[in-house]
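Worksheet for the structure shown next.
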Amino acid sequence: QLQLVESGGGLVQPGGSLRLSCAASGDTLDYYAIGWFRQAPGKEREGVSCSASSSDYTEYADSVKGRFTISRDKAEHRVYLQMHSLKPEDTAIYYCAADYLYYCAGAEEYDYWGQGTQVTVSS
């Protein structure tokens with residue numbers, strides 16, 4: 001059974017960078033669509049980015065376009081979210097999610113979730 005573990009979060013100043021990692025075990029991610037989501041206290045869960053399994057297709061929320069990049073390392077069964085030019089409004093718990101899909105999907109369609117990693121952007 002697929003399991004996901006996020007890592008790489010932490011405290012960073014505005015304008016800084018972080019790379020989040022989502023490590024998979026129990027199965028390869030080759031045939032899974034992967035999504036990154038985030039949720040700040042008192043706010044609704046927000047989709048950040050996704051990666052389709054059937055192609056190189058990716059999606060990004062308007063709020064992170066040009067700053068965040070999702071990528072896969074198939075050999076290590078890992079997905080990354082590279083974040084640049086971080087802003088205080090990026091502060092949230094970041095989650096990775098996966099499902100046996102060939103396309104990007106909304107949060108309700110993902111069956112497998114990690115426990116999240118905290119990203120705090122502050123001076």
Taking all non-hydrogen atoms of both residues, which atom of Ser53 and which atom of Ala33 are closest, and how far apart? CB-N, 4.0 Å

Show the numbers, then the answer: is there a side-chain contact (heavy atoms from CB on, under 4.5 Å) between Asp30 and Lys74? CA-CA 7 Å; Asp30 289 355; Lys74 293 184 177 181; 3.6 Å; yes

Measuring from atom OH of Tyr94 to atom CE of Met83, what distance do you get when rounded to the nearest 0.5 angstrom? 5.5 Å

Does a side chain donor of either Ser21 or Arg78 reach within less than 3.5 Å of an acceptor in the other side chain? yes

Pairs where residues 57-97 contributes a residue and the test disulfide (SG to SG under 2.5 Å) is met, not counting sequence neighbours: Cys22-Cys96

Ser51 versus Cys104, closest heavy-atom pair with distance: N-SG, 3.7 Å

Could I get the full list of ring-ring contact (aromatic ring centres under 6.0 Å, His included) partners for Tyr110, not counting sequence neighbours? Phe37

When rounded to the nearest 0.5 angstrom, what distance separates CZ in Phe68 from OG1 in Thr58? 14.0 Å

Lys65: which residues meet the side chain to side chain donor-acceptor pair (under 3.5 Å) condition with it, sequence neighbours left out? Asp62

Give a yes or no on whether Gln82 atom CD has more than 12 heavy-atom contacts from other residues, nucleotides or ligands under 6.0 Å away. yes

List the atom pairs, with distances to 0.1 Å, where a side-chain N or O of residues 116-123 and a protein N or O form a donor-acceptor pair under 3.5 Å, not counting sequence neighbours.
{"residue": "Thr117", "atom": "OG1", "partner": "Gly9", "partner atom": "N", "Å": "3.1"}
{"residue": "Gln118", "atom": "NE2", "partner": "Ala92", "partner atom": "O", "Å": "3.4"}
{"residue": "Gln118", "atom": "NE2", "partner": "Thr120", "partner atom": "OG1", "Å": "3.4"}

Does Tyr103 have any side-chain contact (heavy atoms from CB on, under 4.5 Å) partners at least two apart in sequence or in another chain, and if so, which? Leu101, Ala105, Glu109

Using the test side-chain contact (heavy atoms from CB on, under 4.5 Å), find all partners of Leu2 that sit at least two apart in sequence or belong to another chain. Leu4, Ala24, Asp27, Leu29, Tyr32, Ala98, Tyr112

According to a hydrophobic-cluster definition based on side-chain heavy atoms being under 4.5 Å apart (Ile, Leu, Val, Met, Phe, Trp, Tyr only), do Tyr80 and Tyr95 belong together? no

Between Arg72 and Ile34, is there a side-chain heavy-atom distance shorter than 4.5 Å? yes

Nearest 0.5 angstrom please: Glu6 CD to Gln115 CD, how far? 7.5 Å

Over 60° means perpendicular and under 30° means parallel, so classify the ring planes of Tyr31 and Tyr100, tilted if in between. tilted

Could you check whether Glu89 and Ser63, counting side-chain N and O atoms only, form a donor-acceptor pair closer than 3.5 Å? no

With a 4.5 Å cut-off on side-chain heavy atoms, are Ser49 and Leu81 touching? yes

Drop me the distance from Glu46's CD to Gln39's CD, to the nearest 0.5 angstrom. 10.5 Å

Common cluster, Tyr60/Leu20, ILVMFWY with side-chain heavy-atom separation under 4.5 Å: yes

Pairwise distance OG1(Thr91) to CZ(Arg38) - rounded to 0.5 angstrom: 9.0 Å

